[in-house]
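One is the number of the first residue; the rest follow in order along the sequence.
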Amino acid sequence: MNYAEHLSRNLPIGSGVIEASCKTLVTQRMKCSGMRWRCPGGQGILTLRSLIQSGWFDCGWMLLSVTYRAKVNMVSDNVIPFSSGKGNIER
(Lines give C-alpha, C1' and ligand atoms only; values in the text may rest on other atoms or scores of the structure.)
Protein backbone atom coordinates (compact mmCIF):
# COMPACT_ATOMS: atom_id res chain seq x y z
CA MET A 1 0.00 0.00 0.00
CA ASN A 2 1.29 3.44 -0.86
CA TYR A 3 0.90 5.07 2.56
CA ALA A 4 2.04 8.55 1.49
CA GLU A 5 -0.51 8.71 -1.33
CA HIS A 6 -3.33 7.51 0.92
CA LEU A 7 -2.40 10.00 3.63
CA SER A 8 -2.28 12.85 1.13
CA ARG A 9 -5.85 11.95 0.05
CA ASN A 10 -6.99 11.78 3.73
CA LEU A 11 -7.77 8.08 3.42
CA PRO A 12 -7.48 5.87 6.50
CA ILE A 13 -4.35 3.72 6.53
CA GLY A 14 -4.91 1.83 9.77
CA SER A 15 -7.46 -0.70 10.96
CA GLY A 16 -8.80 1.55 13.75
CA VAL A 17 -11.63 2.98 11.63
CA ILE A 18 -12.80 -0.49 10.62
CA GLU A 19 -12.51 -1.86 14.16
CA ALA A 20 -14.49 1.08 15.57
CA SER A 21 -17.18 0.58 12.93
CA CYS A 22 -17.44 -3.10 13.77
CA LYS A 23 -17.77 -2.29 17.44
CA THR A 24 -20.50 0.33 17.06
CA LEU A 25 -22.38 -1.33 14.22
CA VAL A 26 -22.18 -4.99 15.16
CA THR A 27 -20.93 -5.69 18.66
CA GLN A 28 -23.04 -3.18 20.60
CA ARG A 29 -26.25 -4.43 18.97
CA MET A 30 -25.68 -8.13 18.33
CA LYS A 31 -23.87 -9.21 21.49
CA CYS A 32 -26.20 -8.03 24.22
CA SER A 33 -26.86 -10.37 27.11
CA GLY A 34 -29.00 -13.37 26.19
CA MET A 35 -29.24 -12.58 22.49
CA ARG A 36 -29.03 -15.33 19.91
CA TRP A 37 -29.29 -14.69 16.18
CA ARG A 38 -29.84 -16.83 13.15
CA CYS A 39 -28.32 -15.62 9.91
CA PRO A 40 -31.48 -14.08 8.31
CA GLY A 41 -32.52 -12.20 11.47
CA GLY A 42 -29.01 -10.99 12.21
CA GLN A 43 -28.50 -9.85 8.63
CA GLY A 44 -31.79 -7.94 8.71
CA ILE A 45 -30.85 -6.13 11.92
CA LEU A 46 -27.37 -5.29 10.63
CA THR A 47 -28.73 -4.02 7.31
CA LEU A 48 -31.21 -1.68 9.01
CA ARG A 49 -28.67 -0.57 11.63
CA SER A 50 -26.08 0.25 8.98
CA LEU A 51 -28.63 2.30 7.03
CA ILE A 52 -29.63 4.20 10.18
CA GLN A 53 -26.08 4.91 11.34
CA SER A 54 -24.89 5.96 7.90
CA GLY A 55 -27.76 8.40 7.40
CA TRP A 56 -28.99 6.49 4.34
CA PHE A 57 -32.13 4.96 5.89
CA ASP A 58 -34.67 6.78 3.71
CA CYS A 59 -32.91 5.87 0.45
CA GLY A 60 -32.20 2.33 1.59
CA TRP A 61 -35.74 1.76 2.81
CA MET A 62 -37.15 2.83 -0.57
CA LEU A 63 -35.15 -0.01 -2.14
CA LEU A 64 -35.82 -2.58 0.60
CA SER A 65 -39.52 -1.87 1.05
CA VAL A 66 -40.29 -2.95 -2.51
CA THR A 67 -39.19 -6.46 -1.57
CA TYR A 68 -40.46 -6.64 2.01
CA ARG A 69 -43.78 -4.80 1.83
CA ALA A 70 -46.99 -6.82 1.79
CA LYS A 71 -50.57 -5.66 1.47
CA VAL A 72 -52.61 -6.27 4.62
CA ASN A 73 -56.36 -6.78 4.39
CA MET A 74 -58.74 -6.38 7.31
CA VAL A 75 -60.40 -9.75 7.84
CA SER A 76 -62.69 -8.92 10.75
CA ASP A 77 -64.97 -6.18 11.99
CA ASN A 78 -63.80 -7.05 15.50
CA VAL A 79 -61.00 -4.45 15.46
CA ILE A 80 -60.61 -1.45 17.75
CA PRO A 81 -58.99 1.42 15.83
CA PHE A 82 -56.25 3.58 17.28
CA SER A 83 -57.33 7.00 18.41
CA SER A 84 -56.24 10.07 16.50
CA GLY A 85 -55.08 11.83 19.71
CA LYS A 86 -51.81 11.14 21.47
CA GLY A 87 -52.28 8.58 24.21
CA ASN A 88 -56.05 9.12 24.55
CA ILE A 89 -58.41 6.36 23.53
CA GLU A 90 -61.78 7.54 22.30
CA ARG A 91 -64.59 5.58 23.89
Side-chain angles (χ1 to χ4, degrees):
M1 181 161 73
N2 186 342
Y3 289 100
E5 178 186 342
H6 284 73
L7 284 174
S8 69
R9 295 172 48 199
N10 292 324
L11 297 172
I13 60 168
S15 63
V17 173
I18 300 301
E19 290 177 23
S21 296
C22 289
K23 182 178 180 181
T24 59
L25 183 67
V26 180
T27 303
Q28 288 180 350
R29 179 62 178 94
M30 304 297 285
K31 293 184 178 180
C32 292
S33 178
M35 288 187 172
R36 301 289 182 269
W37 298 95
R38 291 192 180 111
C39 207
Q43 183 61 59
I45 292 294
L46 290 177
T47 299
L48 292 175
R49 187 164 170 81
S50 65
L51 289 171
I52 290 167
Q53 287 197 348
S54 66
W56 285 89
F57 182 81
D58 291 335
C59 294
W61 184 248
M62 285 192 324
L63 295 172
L64 290 172
S65 66
V66 173
T67 303
Y68 296 105
R69 186 175 291 168
K71 185 174 181 176
V72 177
N73 295 318
M74 188 180 303
V75 295
S76 173
D77 291 333
N78 189 16
V79 175
I80 300 171
F82 287 108
S83 68
S84 58
K86 291 186 177 184
N88 296 328
I89 298 175
E90 296 174 8
R91 296 178 186 214

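By the criterion of side-chain heavy atoms lying less than 4.5 angstrom apart, applied directly or through intervening Ile, Leu, Val, Met, Phe, Trp or Tyr residues, Ile52 is grouped together with Trp56 in one hydrophobic cluster. Linking ILVMFWY residues whenever their side-chain heavy atoms come closer than 4.5 Å, directly or via other members, places Ile45 and Leu25 in the same cluster.
Rounding to the nearest 0.5 Å places OG1 of Thr24 at 7.0 Å from CZ of Arg49. Taken to the nearest 0.5 Å, the CG atom of Asp58 stands 11.5 Å off from the CG atom of Leu63. Separation of atoms CG (Asn2) and CG (Leu7) is listed at 9.0 Å; rounding is to 0.5 Å.
Residues in residues 8-22 take part in these side-chain hydrogen bond (donor to acceptor under 3.5 Å, both in side chains) pairs, two or more places apart or across chains: Glu5-Arg9, Ser15-Glu19.
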Could you give the side-chain donor-acceptor pairs of residues 26-39 under 3.5 Å, partners two or more places apart or in another chain?
from	atom 1	to	atom 2	distance (Å)
Trp37	NE1	Met30	O	3.2

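Proximity of Trp61 to Leu64: side-chain heavy atoms (C-beta onward) are separated by under 4.5 Å at one or more points.
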